[in-house]
Structures are given as C-alpha cells and as structure tokens.
Amino acid sequence: MTDPLLETRNVTKHFPLSRSLTQYFGGEARLAIHAIDGVSVQVHRGETLGLIGESGSGKTTLGWLMARLHTATSGELLFEGRDVSRLHGRALRKWRQNLQVVFQDPVGSLDPRQRVWQIVSEPIQAQQRLSRGKLRALVAELLPSVGLPPDCLDQYPHEFSGGGRQRLSLARALSLQPKLVILDEPTSALDVAVQAQILNRLVTLQRESGYSYVLITHNVAAVRYVADRVAVLYLGKVAEVGPVRSVLEHPVHPYTKALLAAVPVADAGRRRTRYQIKGEIPTLIRPPPGCRFAARCPFVIERCRVEEPLLLPVTAANDHVVACHRSAEVGDIPPESLLATVPPPAASA
Ligand SMILES: Nc1ncnc2c1ncn2[C@@H]1O[C@H](COP(=O)(O)OP(=O)(O)O)[C@@H](O)[C@H]1O
Ligand SMILES: [Mg+2]
C-alpha cells in the first residue's frame with residue numbers, strides 16, 4: 001500500500017482545567033481533560049475512514065486535530081509524509097487548502113446574512129482574489145455536483161431545508177477541491193431519507209473526484225454504507241481499527257461488540273426498548289491506567305486494570321487490530337450481556 005495521505009502518530013490532546021476546577025477536583029498540579037490520548041490512525045488516498053464511538057469519546061477532537069483546528073498537546077500529524085503539526089501562519093493557511101471540514105450543524109456553520117455564492121466561495125476568497133463574476137460562475141458550476149440548482153446563487157441559507165443547507169456546506173467544502181474532507185456527523189441533524197441522499201452524493205463525489213473522507217458519526221449504518229475502514233474510539237483511545245466488513249461483522253473488542261449491539265436494528269423502529277452499555281463512563285480527568293474500558297467490561301481481569309493493551313493484529317492480513325488483553329478469548333459472547341435496557345421515556349442522549 002502507498003503512503004497514507006494523512007497520519008496521526010501518537011497524538012494527544014489535553015484540555016487544561018481552570019485553576020478553580022482543578023481545586024474542585026482536589027488536584028494540585030493543573031488537571032486536564034484527556035480528550036485524545038496517544039492515537040495513531042491513517043487515512044489513505046481515496047478512502048473513507050469511519051470514526052465511531054459514544055458521545056464524548058473524542059471523535060470531534062480527533063477530527064479537529066487532523067484539520068489543525070486544534071494543535072496537539074503532543075504527537076505528530078503527517079500529511080503526504082510531511083510533519084504539519086507545528087505549521088502556523090501563512091504556511092498553515094496554505095496547507096489547509098488540502099482539507100476541509102463539514103460540521104454537523106448546517107445552521108450554525110452558515111452565515112445567515114450571506115448569499116449562496118458568497119458562502120460557497122468563501123474558501124476560494126480566502127486563498128485568491130477573483131472578481132465577483134468569476135466567483136459566481138465558479139459557484140454556479142459547483143452547485144449541481146451537490147444536487148443544488150445553479151440558479152440559487154442569490155438565496156440565503158434560511159430559504160433552504162436542513163438537507164439543502166448541508167449541501168451548501170458540502171459545496172463550500174469542495175470549492176477548493178481538497179484532498180481530504182472531514183465530515184463531522186454530517187447527516188445527524190437530518191431526517192433519514194435526506195441522510196441517504198447526502199450519503200449517496202458523498203459516495204458519488206468520491207468516485208468521480210477521488211476525495212478521501214474521514215466520516216465521524218455514531219450512525220453505524222452510515223459507516224457500513226460509506227466507509228472502507230473504521231476506527232472505534234473509546235475515551236480518547238483507539239479500541240479497534242480495520243476494514244469495515246471485518247470490524248462490523250466480526251468485532252473483537254468488547255467495547256465494539258457492545259457499541260454495535262446497542263445500535264437499534266433498522267426494522268426496529270417500533271421497538272420501544274433502548275439499550276446502553278452497562279456501567280459508568282470513567283472521567284477523562286484522571287483516566288484509569290490500563291484499559292479504559294476495564295470498569296465496564298465483563299471480561300476484565302487484573303491485568304486489564306494495570307497494563308494498557310496495545311493495538312495488535314487479529315487477522316492473518318494484519319489489517320484488523322484490537323487493543324484488548326483478552327482478544328483471543330472473548331470470542332462469541334452474546335452482546336446482550338454487555339448491555340442494559342433503558343426504560344423508554346427516561347434517559348435520552
Ligand atoms: N474545547 C474543549 N475544552 C474542554 N474540553 C473539551 C473541549 N472539546 C472537547 N472537550 C472534551 O473532550 C472530550 C471529547 O469530546 P469530543 O471530541 O467532542 O467527543 P465526541 O465528538 O466523540 O462526542 C469530552 O469530554 C469533551 O467534554
Ligand atoms: Mg462530536
């Protein structure tokens with residue numbers, strides 16, 4: 001396989017707590033939220049890497065680190081083999097042309113006072129000075145590729161539906177023909193039919209233009225449909241990575257098994273029972289040593305609490321790796337044993 005397009009090497013992101021919060025938690029030295037801790041993942045050219053995990057597992061933080069919207073506390077970010085973790089100023093702006101981020105909330109990320117042509121051409125304008133006529137022509141050419149009519153140039157975001165606004169965000173992200181697009185929950189705010197249209201569009205665009213995607217989502221069906229490989233994050237660490245089919249059909253890490261089992265199946269729309277993974281999520285302020293899932297794992301042994309598991313291959317092809325001391329033994333456990341039911345009206349996310 002060729003060099004990855006983007007690679008994180010042992011990347012860490014800690015958000016320091018304020019002095020007063022540090023005191024509240026009884027800390028002496030300044031405490032921090034360990035949002036991402038030692039993550040190494042690769043994105044290859046033309047592929048989609050899915051990033052899944054419960055809310056708070058660090059997906060967005062990792063996406064922001066990849067786009068250099070955050071600077072890592074430690075570790076490296078390589079793009080086409082070059083270390084870009086410490087770029088700043090003009091060099092950072094220039095490098096950013098390679099990559100764009102699409103956020104979950106198409107309302108918050110679009111300026112309501114700007115017209116379509118202004119919004120979509122914003123990344124172009126940040127890089128070069130072009131006449132208004134030229135910008136409008138470029139945008140008119142771009143809109144059909146995301147399924148919008150070319151004659152909506154002078155409309156405002158509020159004139160579009162949720163799906164329409166997300167198409168606008170997508171057009172804006174693609175306006176500079178980036179090599180990589182980081183999609184952070186791009187369809188979570190949309191209804192199911194519109195989600196499918198947007199995902200289809202993403203797949204088509206990738207086939208036509210060779211974009212690489214990082215698809216951050218808690219929607220396992222979307223990952224199954226769009227992604228080539230998937231990384232499972234738990235509390236700032238990678239629990240399991242591999243080809244989508246291998247990870248989703250044969251998950252090995254007890255956390256991945258639980259996460260997949262907790263997903264309501266497609267035809268279960270009417271089923272009232274909801275599931276969640278048993279046990280409490282430990283704090284990211286003083287993350288446990290050893291395996292971060294130890295406190296919730298039914299297979300826990302003493303070693304899990306003291307020694308951090310490394311990511312090791314579980315297939316002969318070496319492309320499916322898992323960080324679990326007991327990966328060879330967990331086998332075919334009924335995933336229900338990892339889950340507790342949530343009474344209907346009670347807990348909601
Ligand atoms: N800017 C920030 N300042 C402090 N804590 C943050 C910040 N961004 C994220 N976090 C914390 O980092 C952890 C991971 O968050 P996030 O990356 O948003 O997870 P996810 O996208 O998987 O839900 C959470 O505990 C969150 O509260
Ligand atoms: Mg997020």
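Just so it is clear, the model here is predicted, and its values are computed rather than measured. Just so it is clear, the values below take in all heavy atoms, side chains as well, and ignore hydrogens, waters and symmetry mates. Counting starts at 1 for both ligands and their atoms, in listed order.
Less than 4.0 angstrom separates atom 27 (O) of ligand 1 from none of the non-hydrogen atoms of the protein.
At a cut-off of 2.8 Å, Thr61 does not coordinate the Mg ion (ligand 2) through any N, O or S atom.
Considering only non-hydrogen protein atoms, atom 9 (C) of ligand 1 sits nearest to Phe15 CE1, 3.6 Å. Gly56 O, 3.5 Å is the protein heavy atom nearest to atom 14 (C) of ligand 1. Looking only at heavy atoms of the protein, atom 11 (C) of ligand 1 is closest to Ile33 CG2, 4.0 Å. Looking only at heavy atoms of the protein, atom 19 (O) of ligand 1 is closest to Gly58 N, 3.1 Å.
Side-chain contact of Ser20 with Gln23: a donor-acceptor pair under 3.5 Å is absent, judged by distance alone. At a cut-off of 3.5 Å, with distance as the only test, no side-chain donor of Gln100 or Arg172 sits close to an acceptor on the other residue.
Atoms of ligand 1 lying under 4.0 Å from at least one heavy atom of Leu284, given by number and element, are 13 (C), 25 (O). Each of the atoms 22 (O) of ligand 1 lies under 4.0 Å from some heavy atom of Glu54. In the vicinity of Ala35, heavy-atom distances shorter than 4.0 Å reach the ligand 1 atoms 12 (O), 13 (C).
Expressed to the nearest 0.5 Å, how far CD of Gln155 lies from CD of Gln114 amounts to 15.5 Å.
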Discussion item. Could you walk me through whether Arg229 and Gln42 satisfy the side chain to side chain donor-acceptor pair (under 3.5 Å) test, starting with their C-alpha distance in whole Å, then the side-chain angles of each, then the deciding distance to 0.1 Å, before giving a yes or no?
Written reply: CA-CA 10 Å; Arg229 291 188 313 124; Gln42 304 184 330; 5.5 Å; no
Worksheet item: Could you walk me through whether Tyr255 and Glu54 pass the side chain to side chain donor-acceptor pair (under 3.5 Å) check?
Response: CA-CA 10 Å; Tyr255 176 65; Glu54 287 165 291; 3.1 Å; yes
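The closest approach between a heavy atom of Gly53 and any atom of ligand 1 is not below 4.0 Å. For His70, the closest heavy-atom approach to ligand 1 does not fall below 4.0 Å.
By the 6.0 Å contact criterion, CZ on Arg245 is open, its count of non-hydrogen atoms from other residues, nucleotides or ligands being 12 or less.
Under 4.0 angstrom from ligand 1, the non-hydrogen atoms of Thr60 come from both its backbone and its side chain. Of all the heavy atoms of Thr61, the ones lying under 4.0 Å from any atom of ligand 1 are found in both the backbone and the side chain.
Listed here is the closest heavy atom pair of His14 and Asp37: NE2-OD1, 2.9 Å.
Ring pair His70/Trp64 is tilted by interplanar angle, where 30° to 60° counts as tilted.
In summary, Glu80 and Arg45 engage in a salt bridge, as defined by a charged side-chain N under 4.0 Å from a carboxylate O.
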